[in-house]
There are 2 protein chains.
Amino acid sequence: MGESIGIRERARGALRGELADVALRLFEERGYDETPVDDIASTAGISPRTFYRYFGTKEEVLFGDLPPTSGDLPALLQDHLTRLGPWESLHQTLRHVAENIRTERGRWSRLLRVVNTSDSLRAGHLEQQMNLAQSLIPTLAPAIQGQAAWRDLRARVLVYTALTCFDTAFSHWAEHEGDIEMLEALDIAFATVPNADSAQS
Amino acid sequence: MGESIGIRERARGALRGELADVALRLFEERGYDETPVDDIASTAGISPRTFYRYFGTKEEVLFGDLPPTSGDLPALLQDHLTRLGPWESLHQTLRHVAENIRTERGRWSRLLRVVNTSDSLRAGHLEQQMNLAQSLIPTLAPAIQGQAAWRDLRARVLVYTALTCFDTAFSHWAEHEGDIEMLEALDIAFATVPNADSAQS
DNA sequence: TCGGTTCTGGCAGACTCTGCCACGATAGTC
DNA sequence: GACTATCGTGGCAGAGTCTGCCAGAACCGA
């Protein structure tokens, strides 16, 4: 048993990538809901049964192979919290994600366009956000001041709000591609919240 | 052709209500994903095919007959905006919803418990929130100050954030049923946002 | 009571996803 | 180079949601 990565694993990885490519292309052409798994499989020259050995669900073929924009966000947040307040820490943490996205803007634009063709996909995307939120809340909670009884509620509000800012900025940027900078939109979104009732620049 | 509501429509309404009751009961006992539509139908003494004539989807049997907590929220928001700032207007608008919920707390608790048994349901619920947000954004946007180019982005952020506050307070209240007041949780959540970086009481 | 509308149930089908099993290819071993 | 064990693959059957279609039953107004 050698330590080398077997030829089979490489083949597997290659096929996985090809499936993701084929699927994304078909989704762009016909829409997500209008593209059955059977079509993806036959276009790629495999059986539908095999497709489900590479991707557990049809959604996973879209979201499964995303470039790692996130990294260890809880750790990153933790680090910022040693220097900054809760909100600014969330801001800087998500700026980091935004910077990573910018390096592959083309791919992300295609993805977002596909996601917007389907209600079920939007819902699935939100589900992912919630998982991310669950991982950030325990990290943020200790940094919240005030009564302990409300600490958890506050932490949840702030984390969800931060992710909302990110999502909104992301969509806005995707809609005005080229015209604005993702980071600028993100900063605007984050600046809006603490000034919620005046909402000036 | 009389103006009266035909006996058939009343029968239809009654059956619809019975289906919703049966479904909610079964969901509580076994969980949402573990309760096929066939079981709901047979328990209610109808065919599965007929079930789908009363509710377009399985989800609709849960969410379709909610008591109207919302009313005309855009109009309500519009009204508050004549006197208050954007954030406080959103706050008061959602306070109104929270008050309505309180009058039927039992029903809502049951619902939330069922929703938490299933991932797919949570996602569906978020989808509804987004629809509500879409209706509030155009109302809020004109009240936002600052550069026009960013007005839409800001409005989206604020509306989504407000709904997030509502949702978080709602969940928190449901988890601590009896211990806290829904309105108090809501106020705390809304107060957290403008003080995002100090987060004091 | 009659004629037309409406509701119902059953059938077949699409689509996602999951077990199961047999077949073939591959990898490591002798 | 042949042998065996492991792995990937494809086909089959099935659950579950949801839709179109059609024939029969129930209902309403005249």
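Order of the sequence lines sets the chain letters (A, B, ...), proteins ahead of strands, with each chain counted from 1.
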**Q.** Partner residues of B/D152 under the salt bridge (Lys or Arg N to Asp or Glu O under 4.0 Å) criterion, sequence neighbours left out
**A.** B/R156
Q: Round to a whole Å and report the spacing from NZ of A/K58 to C1' of C/dA14.
A: 12 Å
Q | Whole angstrom value for the distance that separates P of C/dC15 from OH of A/Y32 | A | 14 Å
Q. Which one, D/dG10, C/dG9, D/dC18, comes nearest to the side chain of A/R49?
A. D/dG10
Pairwise N/O distances under 3.5 Å, protein to nucleotides 21-23 of chain C:
none

Q: State whether a side-chain donor-acceptor pair under 3.5 Å links B/S171 with B/T168.
A: no
Q. Rounded to the Å, how far apart are A/Y52 OH and D/dG11 C1'?
A. 16 Å
Q. A/F51 has an atom CZ; how far is it from atom P of C/dC15, in whole Å?
A. 14 Å
**Q.** Whole-Å gap separating P (D/dC18) and CG (A/D119)
**A.** 13 Å
Q: Specify the separation, in whole Å, of atom CZ of A/F55 and atom C1' of C/dT18.
A: 18 Å
Q: Take the protein atom CG of A/L121 and the nucleotide atom P of C/dT16, then report the distance between them rounded to whole Å.
A: 12 Å
Q) In terms of side-chain geometry, is the basic nitrogen of A/R102 or A/E181 positioned less than 4.0 Å from the acidic oxygen of its partner? A) yes
Q | Parallel, tilted or perpendicular: ring planes of B/F170 versus B/W173, cut at 30 and 60 degrees | A | parallel
Q: Using a 4.0 Å heavy-atom cut-off across all strands, classify A/Y54 as base, sugar-phosphate, or nothing.
A: sugar-phosphate
Q. Restricting to pairs with a member in residues 157-166 of chain B, which pass side chain to side chain donor-acceptor pair (under 3.5 Å), not counting sequence neighbours?
A. B/Q134-B/Y160
Q. What residues form a salt bridge (Lys or Arg N to Asp or Glu O under 4.0 Å) with A/R110, not counting sequence neighbours?
A. A/E28
Q: For DNA chain D, find the residues of residues 33-41 of chain A with a heavy-atom distance under 4.0 Å and give them by number; none if there aren't any.
A: none
Q: Determine the interplanar angle of the B/H172 and B/H176 rings, folded into 0 to 90°, and report it as parallel if under 30°, tilted if 30 to 60°, perpendicular if over 60°.
A: parallel
Q | Contact list for residues 29-49 of chain B, test ring pair (Phe, Tyr, Trp, His ring centres under 6.0 Å), sequence neighbours left out | A | B/F27-B/Y32
Q | Interatomic distance where CD1 belongs to B/I46 and C1' belongs to C/dG10 [whole Å] | A | 14 Å
Q. Counting only side-chain N and O atoms of A/S47, is one of them less than 4.0 Å from OP1 or OP2 of D/dG10?
A. yes
Q.
Any donor-acceptor pair under 3.5 Å linking the side-chain atoms of B/T35 with those of B/R30?
A. no
